[in-house]
Each structure stands twice: as structure tokens, then as C-alpha cells.
Novice: 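For reference, the structure I am asking about is given below.
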Amino acid sequence: MANPKLRLTENVAGEFFVDASCIDCDTCRQLAPATFRDHGGQSSVFHQPETDQEMLFAQMAVVACPTGSIGAVVKSNAKAGVDAFPYKITENIYYCGFNSEKSFGAWSYLIVRSGEKGGNILIDSPRFTAPLVKKIEAFGGISQIFLSHSDDIADHARFAERKGLCTPPTARGD
Ligand code: SF4
């Protein structure tokens with residue numbers, strides 16, 4: 001949770017802000033470029049969201065930020081951001097959100113496939129958090145975890161060990 005007392009002076013006044021704990025991972029700027037900018041070594045809010053779309057992406061950035069460095073004056077904003085993940089990018093590919101500091105904010109994805117096609121694949125690992133785990137369970141769980149490189153593994157072991165969440169294709173009888 002961002003600390004208002006550590007609010008960076010580079011933020012414009014208003015609802016959203018970044019505090020001094022930002023690690024400059026770029027997630028917020030990619031997710032909500034209309035709101036967040038790189039002011040040099042860290043991010044800050046240069047434009048408070050005005051449209052519904054800008055607001056949603058800012059709320060999602062609050063949740064995706066790996067260090068909890070983004071604050072919102074209205075606490076209910078966090079729920080909208082949580083509810084938005086996994087976020088559909090195209091067809092059956094979803095951005096998981098909940099980026100992990102353990103992998104310096106690397107993005108992770110869920111590819112949703114039927115059991116006949118081998119089941120769902122988690123690409124790299126997000127933070128292991130209850131709301132996201134429930135959503136992935138609702139999508140049918142995970143059949144495979146694909147780690148694209150060795151230093152972005154975050155909480156993959158916790159996903160793998162979660163009882164009933166991960167079921168290899170062979171164990172499913174596919
Ligand atoms: S997502 Fe968080 S840590 Fe990453 S650049 Fe934005 S404020 Fe900083």
C-alpha cells in the first residue's frame with residue numbers, strides 16, 4: 001500500500017499518486033500511459049484519469065504494481081483493479097496482473113485452452129494472491145507453467161503446489 005507521506009513531488013495533485021518505493025519497473029507506464037510517466041528513475045502521475053477507460057487502467061496499475069507504490073485516495077478503486085484481472089488481451093490470452101517484485105515486475109499471462117487442447121498454460125509467474133488464484137481456478141486451473149527465463153519465476157512454486165490448481169495434462173486423462 002502506497003504511503004501518502006512518501007508521495008513523490010513529481011506527481012500532479014489528485015486521486016492517484018506514486019510514492020518513493022517505486023522501483024521503476026515500467027508496469028504502470030505500459031498499462032496506463034495516459035496517467036503515468038517516467039520522470040527519470042521512477043514513475044509519477046502526470047495526468048489524473050478522466051475517462052472511464054483511463055480510470056480503469058489506473059486502477060489496474062494500482063493492483064499490478066509489484067511494490068504497492070501506487071496510491072489512490074478512494075480505497076474502493078483497488079477492488080475495480082482486482083476485479084479486472086486476468087485481463088483479456090486477445091482471444092484466449094489474458095494478462096494476469098499482480099506483477100511480482102521477485103521478478104522485478106515482469107508480466108505473466110494465462111493462455112486459456114480446453115482440456116482437449118491440453119488445458120491452460122501460465123506463462124511466467126504473477127504474485128500468488130487469493131483473488132487471482134480463485135479466478136484462475138474458475139478458468140479451469142493450470143495444466144502447465146512455462147517460465148520464459150530463470151530469473152522471473154516469482155511465486156511459480158506456490159501455484160504449482162496449490163492443491164487442485166495445477167493438473168498436468170496426463171493426470172487429466174487428456
Ligand atoms: S508499477 Fe509501481 S514500481 Fe513499477 S514503475 Fe509503476 S509505480 Fe514504479
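Indexing begins at 1, ligand by ligand and atom by atom, following the structure's order.
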Novice: For ligand 1, is any non-hydrogen atom under 4.0 Å from Val18's backbone (N, CA, C, O), its side chain (CB onward), both, or neither?
Specialist: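 The answer is the side chain.
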
Novice: Which protein non-hydrogen atom lies closest to atom 8 (Fe) of ligand 1, naming both residue and atom, and how far is it?
Specialist: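 For atom 8 (Fe) of ligand 1, the nearest protein heavy atom is Cys22 SG, 2.3 Å.
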
Novice: Only heavy atoms of Thr27, strictly under 4.0 Å: list the atoms of ligand 1 that pass.
Specialist: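 Per the distance check, 1 (S).
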
Novice: Is the distance between the ring centroids of Phe36 and Phe46 less than 6.0 Å?
Specialist: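 No; Phe46 has its ring centre 6.0 Å or more from that of Phe36.
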
Novice: Under a 4.0 Å N-O cut-off, is there an ion pair linking Arg162 with Glu137?
Specialist: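 Here Arg162 pairs with Glu137 in a salt bridge, since their nearest N and O are under 4.0 Å apart.
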
Novice: Using a 4.0 Å cutoff against the non-hydrogen atoms of Thr67, which atoms of ligand 1 qualify?
Specialist: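 Listed by number with element, the hits are 3 (S).
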
Novice: Please could you name the atoms of ligand 1 that Cys25 approaches to less than 4.0 Å, counting only its heavy atoms?
Specialist: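 Listed by number with element: 1 (S), 3 (S), 4 (Fe), 5 (S).
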
Novice: My understanding is that we take every heavy atom of each candidate and find the minimum distance to atom 5 (S) of ligand 1. Doing that for Ser43, Gly68, Ala61, which one comes out nearest?
Specialist: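 Among Ser43, Gly68, Ala61, the closest heavy atom to atom 5 (S) of ligand 1 comes from Ser43.
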
Novice: For ligand 1, which atoms have a heavy atom of Ile23 less than 4.0 angstrom away?
Specialist: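 Near Ile23, the atoms of ligand 1 are 3 (S), 8 (Fe).
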
Novice: Would you say the side chain of Gln42 lies within less than 4.5 Å of the side chain of Val18, judging by non-hydrogen atoms?
Specialist: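 SC-SC contact between Val18 and Gln42 ruled out.
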
Novice: Quick check on the 6.0 Å ring-centre criterion: do Phe139 and Tyr94 meet it?
Specialist: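 Yes, the ring centres sit under 6.0 Å apart.
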
Novice: In terms of atom number and element, which parts of ligand 1 are under 4.0 angstrom from non-hydrogen atoms of Cys28?
Specialist: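 The atoms of ligand 1 under 4.0 Å from a heavy atom of Cys28 are 1 (S), 5 (S), 6 (Fe), 7 (S).
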
Novice: Scan Val45, Ile70, Val12 and name whichever one has a side chain to side chain contact (heavy atoms under 4.5 Å, CB included) with Thr35.
Specialist: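 Answer to the side chain to side chain contact (heavy atoms under 4.5 Å, CB included) test with Thr35 among Val45, Ile70, Val12: Val45.
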
Novice: Considering only heavy atoms, does Asp26 approach ligand 1 within less than 4.0 Å through its side chain, its backbone, both, or neither?
Specialist: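 For Asp26, only backbone atoms sit under 4.0 Å from ligand 1.
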
Novice: Give me the nearest non-hydrogen protein atom to atom 2 (Fe) of ligand 1 as residue plus atom name, then the distance to 0.1 Å.
Specialist: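 Nearest neighbour among protein heavy atoms for atom 2 (Fe) of ligand 1, to 0.1 Å: Cys65 SG, 2.3 Å.
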
Novice: Is any side-chain heavy atom of Leu122 closer than 4.5 Å to one of Cys96?
Specialist: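 Yes, close enough: below the 4.5 Å cut-off.
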
Novice: Any luck finding a side-chain donor-acceptor pair between Ser148 and Asp124 under 3.5 Å?
Specialist: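 Short answer, yes.
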
